[in-house]
**Student:** 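What follows is a single structure, and I will ask about it in a moment.
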Amino acid sequence: FRTLFRNGKYLDYFYHFQKLLSKNSIPYLNCPQERDNDLRSIGDRVKDCENAMMSSPFFKNCQSTQKRNFVLLGHSMGGLIARGLASQGPVRNCVQSVITISTPHQGTPLSDLVMESNADANFIVWLSHLLKFDSQNRRYLPELAMKDPQGQRPKIQQVADNPGVNYFSITNSRKIFTNPILAITALRLRSLIEEFGLEKSKYGTDNDGIIPEYSMAYGQVLAHINADHWESTCIVPLVRLSRSCQEVQRVLMRFLKSIH
């Protein structure tokens with residue numbers, strides 16, 4: 001889901017947010033949208049985005065003025081990419097803030113479930129293999145799991161914060177889902193959160209159909225939005241006029257205007 005497709009042309013993942021940024025005269029830069037069937041790992045994406053940032057005039061301006069001028073915005077695993085960029089490499093000293101939306105900072109039990117070897121043991125696992133949404137076709141899935149093969153949290157989830165960067169997050173969840181697929185995964189995810197013994201935070205078993213809400217909270221939480229995983233970026237055409245989509249846009253634009 002790295003691009004949208006309309007009228008024979010690919011559109012950027014944050015297409016509708018970009019329209020708002022342009023309307024408010026806020027410059028922006030997109031990370032590369034590779035036509036790789038979503039195969040790249042999160043580490044690969046960090047490197048690709050780093051190269052794009054280094055070739056931009058914003059990076060050159062940062063080098064000459066020594067002023068942090070990048071605000072990184074990431075949805076879902078894009079938030080982990082943003083944290084990776086802010087913590088290491090040549091662009092780390094140019095990042096002012098990181099904003100994450102629906103990001104699995106502590107992983108999601110669904111990834112652990114999808115990577116189970118016995119695909120016939122669970123309908124969700126069977127469906128994920130049928131849709132090729134597994135670790136062979138989505139190399140980033142192990143990086144979103146609760147534990148790696150050695151029983152440790154994946155390294156991308158443990159990157160150290162940059163002391164010169166401000167971290168913000170937007171969390172989201174739903175009690176009732178209009179998307180039938182997410183309604184099924186949300187129900188299973190609630191039970192997985194309890195199985196992992198992770199229901200004791202203030203978020204309980206709340207989730208957006210893919211990510212537990214407790215895993216989304218990182219740094220200063222700007223807002224909680226009543227939205228599923230895809231509503232939180234206004235990707236699906238039917239939800240662009242929904243209250244959820246509009247609320248995410250309001251929160252983001254209010255914050256970006258305050259620091260621009």
Side-chain angles (χ1 to χ4, degrees), residues 1-4 6 11-31 70-83 96-106 108 110 144 165-187 189-190 193 201-260:
F1 301 103
R2 302 311 300 167
T3 56
L4 301 175
R6 189 181 72 181
L11 300 177
D12 291 315
Y13 192 75
F14 283 111
Y15 171 71
H16 294 283
F17 288 142
Q18 290 168 198
K19 290 173 65 177
L20 284 175
L21 293 173
S22 296
K23 183 178 179 181
N24 288 275
S25 301
I26 299 176
Y28 60 85
L29 171 71
N30 290 328
C31 288
F70 278 106
V71 176
L72 305 182
L73 170 64
H75 173 257
S76 194
M77 69 174 175
L80 296 177
I81 296 171
R83 282 178 54 199
Q96 179 204 96
S97 302
V98 169
I99 309 170
T100 63
I101 308 171
S102 192
T103 291
H105 295 286
Q106 299 180 57
T108 172
L110 276 184
L144 304 182
V165 173
N166 300 308
Y167 293 84
F168 304 91
S169 59
I170 295 175
T171 72
N172 57 286
S173 63
R174 267 194 174 281
K175 298 293 187 184
I176 300 175
F177 288 79
T178 55
N179 183 309
I181 299 297
L182 291 181
I184 294 172
T185 57
L187 185 62
L189 184 50
R190 289 190 185 107
I193 293 171
S201 76
K202 69 175 183 179
Y203 299 104
T205 60
D206 289 349
N207 66 82
D208 68 356
I210 296 179
I211 313 295
E213 189 166 13
Y214 74 79
S215 188
M216 304 176 194
Y218 199 84
Q220 180 182 340
V221 178
L222 296 177
H224 157 79
I225 308 295
N226 183 37
D228 67 34
H229 195 70
W230 301 121
E231 287 175 322
S232 59
T233 48
C234 308
I235 293 175
V236 183
L238 292 177
V239 303
R240 288 174 194 156
L241 297 178
S242 70
R243 182 177 299 177
S244 302
C245 172
Q246 293 176 7
E247 181 61 20
V248 173
Q249 292 180 349
R250 278 195 293 269
V251 170
L252 274 178
M253 293 312 302
R254 182 169 62 242
F255 178 75
L256 290 173
K257 285 179 182 179
S258 73
I259 63 175
H260 178 56

**Student:** Looking at residues at least two apart in the chain, or sitting in another chain, which of them share a side-chain hydrogen bond (donor to acceptor under 3.5 Å, both in side chains) with S215?
**Tutor:**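 Per chain and number, S215 pairs via side-chain hydrogen bond (donor to acceptor under 3.5 Å, both in side chains) with no residue.
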**Student:** In Å and rounded to the nearest 0.5 Å, what is the OG to CD1 distance from S97 to I259?
**Tutor:** 4.5 Å
**Student:** Look up atom CD in Q220 and atom CD1 in I99, then write down how far apart they are to the nearest 0.5 Å.
**Tutor:** 10.5 Å
**Student:** In this structure, which one of T103, T108, I211, N207 forms a side-chain contact (heavy atoms from CB on, under 4.5 Å) with M216?
**Tutor:** I211
**Student:** May I ask you to test the F17-V248 pair for a side-chain heavy-atom distance under 4.5 Å?
**Tutor:** yes
**Student:** Run through V251, T171, L252, T100 and flag the one making a side-chain contact (heavy atoms from CB on, under 4.5 Å) with L222.
**Tutor:** V251
**Student:** Measure the CD-CG distance between Q96 and L72 for me, rounded to the nearest 0.5 Å.
**Tutor:**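 Q96 atom CD to L72 atom CG measures 10.0 Å (nearest 0.5 Å).
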**Student:** Is it the case that the side chains of E231 and N172 hold a donor-acceptor pair, with the cut-off being a distance below 3.5 Å and no angle test?
**Tutor:** no
**Student:** How far apart are the closest heavy atoms of D228 and W230, and which atoms are they?
**Tutor:**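 Looking at all heavy atoms of both residues, the closest pair is OD1-N, 2.9 Å.
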**Student:** Atom NZ in K23, atom NZ in K19: separation rounded to 0.5 Å?
**Tutor:**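 Those atoms lie 9.5 Å apart.
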**Student:** Show the nearest heavy-atom pair for residues I210 and L182, with the distance to one decimal.
**Tutor:** CG1-CD2, 3.9 Å
**Student:** Should L80 and L144 be marked as a side chain to side chain contact (heavy atoms under 4.5 Å, CB included) after you check the CA-CA gap, both sets of side-chain angles, and the distance that decides it?
**Tutor:** CA-CA 9 Å; L80 296 177; L144 304 182; 3.7 Å; yes
**Student:** Got a second to check how far S232's OG is from I170's CD1, nearest 0.5 Å?
**Tutor:**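 Rounded to the nearest 0.5 Å, the OG-CD1 separation comes out at 9.0 Å.
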**Student:** Can you name the residues that form a side-chain hydrogen bond (donor to acceptor under 3.5 Å, both in side chains) with Y203, not counting sequence neighbours?
**Tutor:** none
**Student:** Return yes if some donor-acceptor pair links the side-chain N/O of N30 with the main-chain N/O of Y28 below 3.5 Å, else return no.
**Tutor:** no
**Student:** Would you say T185's side chain and G209's backbone share a donor-acceptor pair under 3.5 angstrom?
**Tutor:** yes
**Student:** Can you tell me how far CE of M77 sits from OG of S102, rounded to the nearest 0.5 angstrom?
**Tutor:** 12.5 Å
**Student:** Given the rule in the side chain to side chain contact (heavy atoms under 4.5 Å, CB included) test, do I184 and F177 qualify, once you have shown the distances and angles that lead to the verdict?
**Tutor:** CA-CA 9 Å; I184 294 172; F177 288 79; over 6 Å; no
**Student:** Within the side chain of H75, is there an N or O that forms a donor-acceptor pair under 3.5 Å with the backbone of H229?
**Tutor:** yes
**Student:** Should the pair H105 and Y218 be assigned to parallel (<30°), tilted (30 to 60°) or perpendicular (>60°) ring geometry?
**Tutor:** parallel
**Student:** Of the non-hydrogen atoms in E213 and S173, which two are nearest, and what is the gap between them?
**Tutor:** OE1-OG, 2.8 Å
**Student:** Looking only at non-hydrogen atoms, find the nearest pair between G204 and I193 and report the distance.
**Tutor:** O-CG2, 4.0 Å
**Student:** Do the non-hydrogen side-chain atoms of L256 and N24 ever get within less than 4.5 Å of each other?
**Tutor:** no
